[in-house]
Amino acid sequence: MKQRKVVDGNHAAALGALLSKPDVVAAYPITPQTPLVQHFSQYVANGVMDSTIVEPESEHSAMSILTGSSLAGGRTFTATSSQGLALMYEPYFRVSTMRLPIVMDIVNREMISPQSVWGGPQDSLTLRDAGWIQIYVEDNQEILDMTIQAFKIAEHKDVLLPVNICYDGFYLSHMTEGVYVPEQDEVTEFLPPYRPTHVKLDPEEPMAVDPLTPGNYLQYYRELHMQAMDEAKRVIKEVNDEFAKKFGRDYFGLVEPYRMDDAEFVLVTLGSLTGSARVAVDLAREKGVKAGLIKIRSLRPFPLEEIKELLKDRKAVGVVDRNVSFGWHTGIVYQEIKSAISDLDTVPTVPFVGGLGGEDLTTELMSDAIDHVVKAGKNSQIENKTIWLINDKGR
Amino acid sequence: MSVAENIAKLDDMVGPGVTACLGCNAELSMRMALKVFGSNTIVGIPPGCMGGVQSVGWADKTGMKIPVFFPLLDNTASMLAGIKKYYERVGRDVNVVAFAGDGATVDAGFQALSGAAERGDNIIYVCYDNEGYMNTGFQRSSSTALGSWTSTTPVGSSTKGKVSHKKDMPMIMAMHDIPYMATASPAYMPDMIKKLEKAKNVKNGLAYVHIYNTCATGWGYESERSIEICRKGVQSRFTPIYEFENGKFSLNINIKKPIPIEDFLFSMKKYKHISEDQVKDLQRYTDEKWENLLMLCNATDK
């Protein structure tokens with residue numbers, strides 16, 4: 001019997017982690033992730049969770065504790081947001097380069113200044129080159145399902161990399177939705193136990209972890225790490241398909257196309273803002289505009305082949321970024337898309353930025369974006385200047 | 001059987017030929033500590049002298065016979081806590097040990113260590129305190145004593161060495177109410193070994209051992225005087241040897257007639273410039289700390 005619960009995004013993440021039976025969980029509370037940590041504490045207090053919970057004094061220690069537990073051979077989970085992720089940066093980079101399959105949900109929140117606690121994936125996108133797999137999700141069901149899938153992807157012998165499941169602060173973390181909760185038996189069947197051999201601290205099999213390493217070795221490590229990222233593209237799709245077969249929910253792997261078959265004008269999105277973009281695409285279609293949508297799920301590894309395939313022969317593409325890249329005067333995902341299609345025949349592209357600091361990216365704003373893309377396509381002009389999607393033009 | 005005979009029988013967990021400086025008593029302390037802890041041990045050695053001497057390793061070679069790793073400079077206690085939590089969970093009693101310098105303990109690693117102490121993580125944390133970042137050319141740490149020359153507290157026309165006193169780390173750790181805290185000196189090896197054994201047997205929280213090491217290269221004295229300088233530190237009461245065990249303070253090496261602090265200070269180059277006022281300040285600091293320690297010993301003597 002499938003159980004359906006009404007839960008917010010943090011609760012969905014907690015349920016996903018609970019069902020994955022991590023050995024050790026260490027998490028430091030930070031808005032908007034805090035309720036997730038509280039759920040864990042309550043699970044342990046109620047005796048429904050068997051994990052060892054450690055209450056660290058900071059995010060830096062949370063990631064460090066999990067580094068230790070993972071090196072000892074355990075399955076580990078944590079979650080954080082923005083400033084917490086920034087504080088964690090030092091052990092964060094190290095976890096990926098030590099090839100530890102830690103799973104961390106990131107409840108996306110703006111980076112300060114100015115002081116803010118609201119949503120936006122600036123935090124995790126800024127760390128896109130730190131060697132973790134980063135998957136961005138759209139709704140609470142996807143949070144729960146991907147938190148489970150994350151362990152299977154991370155621990156796969158061809159991958160052995162840590163995974164972030166990233167979801168928007170407040171828009172998902174504090175929004176309630178109906179969510180199917182899989183049975184424990186089924187999840188246990190889907191997710192075999194973690195048994196590391198590649199890196200381990202155990203007196204019975206002594207290993208020196210991270211001696212001083214000369215550059216030629218380090219380059220070899222980096223090469224292997226990048227290969228693992230390539231393998232991860234295949235594994236994410238395989239795990240997606242296996243999950244879909246077992247649980248009946250398909251997320252299409254690295255990217256999710258929406259009404260793309262005959263689309264001429266395309267929006268590219270990431271995270272929860274995809275919802276209003278879908279509605280805007282439907283509205284455009286009603287008006288006879290052949291609009292389509294690509295939701296990027298895996299930003300690292302980047303779905304290069306999929307994006308090239310999906311964007312070839314389109315009339316124009318717009319990328320909606322809820323984040324910025326200072327110095328490029330665009331959002332981050334725009335640059336990624338632009339790089340991906342750089343060797344296609346020129347497709348006009350339009351960078352959009354909006355929804356920062358938790359601002360609402362409404363359906364109207366998404367429809368405006370589609371209008372801009374149509375205009376760029378009809379004029380065949382390459383509009384590299386960022387268009388801001390703003391509700392209150394007067395500020 | 002003497003302590004020396006006993007310790008000689010134990011296996012050395014550190015390989016021969018690590019590249020420590022001549023007369024390094026931190027290396028000596030590390031060998032002794034790991035002899036006591038034995039082969040059922042995982043050791044974390046953060047960046048610092050003992051990491052720099054390739055005890056963790058170089059390329060595909062390691063300097064240890066037991067599992068060893070480089071923590072970050074600032075997360076040693078947290079990484080160890082995570083390792084220990086997993087082994088506790090699977091029901092294996094493994095010694096999870098830090099051998100960390102004062103920089104990784106008193107400065108950057110302080111928060112993580114304080115957190116582990118407060119949570120009661122069952123790890124053994126040994127700090128080898130040579131009063132500065134010796135591995136990289138003697139920059140000051142918060143464990144550097146007042147007046148000391150360091151490469152970041154140089155002697156010039158306006159300042160003469162470090163302007164603040166040493167952070168009292170052993171006492172700070174005792175005030176975390178951990179089950180076991182001890183100070184030790186390589187000049188009093190039987191006392192140090194006894195304390196390492198006690199730390200190994202702690203099962204109900206964090207054990208902290210603070211070893212007052214000296215550094216021939218950085219402090220400026222002949223390498224064969226290494227143990228002599230350690231002993232002078234103790235005999236001047238500047239590095240008091242005591243322990244805090246289950247809430248009770250006790251003085252382990254009682255120095256009834258201390259040598260003047262000058263005898264310690266002027267036996268090496270790092271203090272050769274210091275003024276009469278600085279000497280007085282150091283003597284006052286030493287006397288006050290000693291008096292406080294005696295009071296604590298008396299107050300907790302049930």
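The sequence lines fix the lettering, A, B, ..., with proteins before strands; numbering per chain opens at 1. None of the values given here were measured: they were computed from a predicted structure.
Counting all heavy atoms, side chain and backbone alike, B:V56 lies closest to A:D210 at CG1-O, 3.7 Å. The two atoms that bring A:Y217 and B:D60 nearest to each other are OH-OD2, 3.1 Å, heavy atoms only. Minimum heavy-atom separation, B:Y87 to A:A72: CE1-CB, 3.7 Å.
In this structure, the portion of B:K61 lying under 4.5 Å from any heavy atom of chain A is its backbone and not its side chain. For A:N216, no part lies under 4.5 angstrom from a heavy atom of chain B.
B:S78 places none of its side-chain heavy atoms less than 4.5 Å from the side chain of A:M63. The closest side-chain heavy-atom distance from A:L201 to B:M79 is not below 4.5 Å. Annotation: side chain of B:I42 is in contact with side chain of A:P203 (closest heavy-atom distance under 4.5 Å). Taking the side chain as every heavy atom from C-beta outward, A:R94 and B:L72 approach each other to under 4.5 Å. Counting heavy atoms from C-beta on, the side chains of A:P206 and B:I66 never come closer than 4.5 Å.
Of residues 196-207 of chain B, no residue lies under 4.5 Å from chain A by any heavy-atom pair. Proximity to chain A among residues 9-37 of chain B is not found for any residue, judged by heavy-atom separations below 4.5 angstrom. Contacts from residues 107-115 of chain B to chain A, taken as heavy-atom pairs separated by less than 4.5 Å, involve B:Q111, B:A112, B:G115 in sequence order. Residues of residues 20-35 of chain A placed with any heavy atom under 4.5 Å of a heavy atom in chain B are listed by number as A:P22, A:D23.
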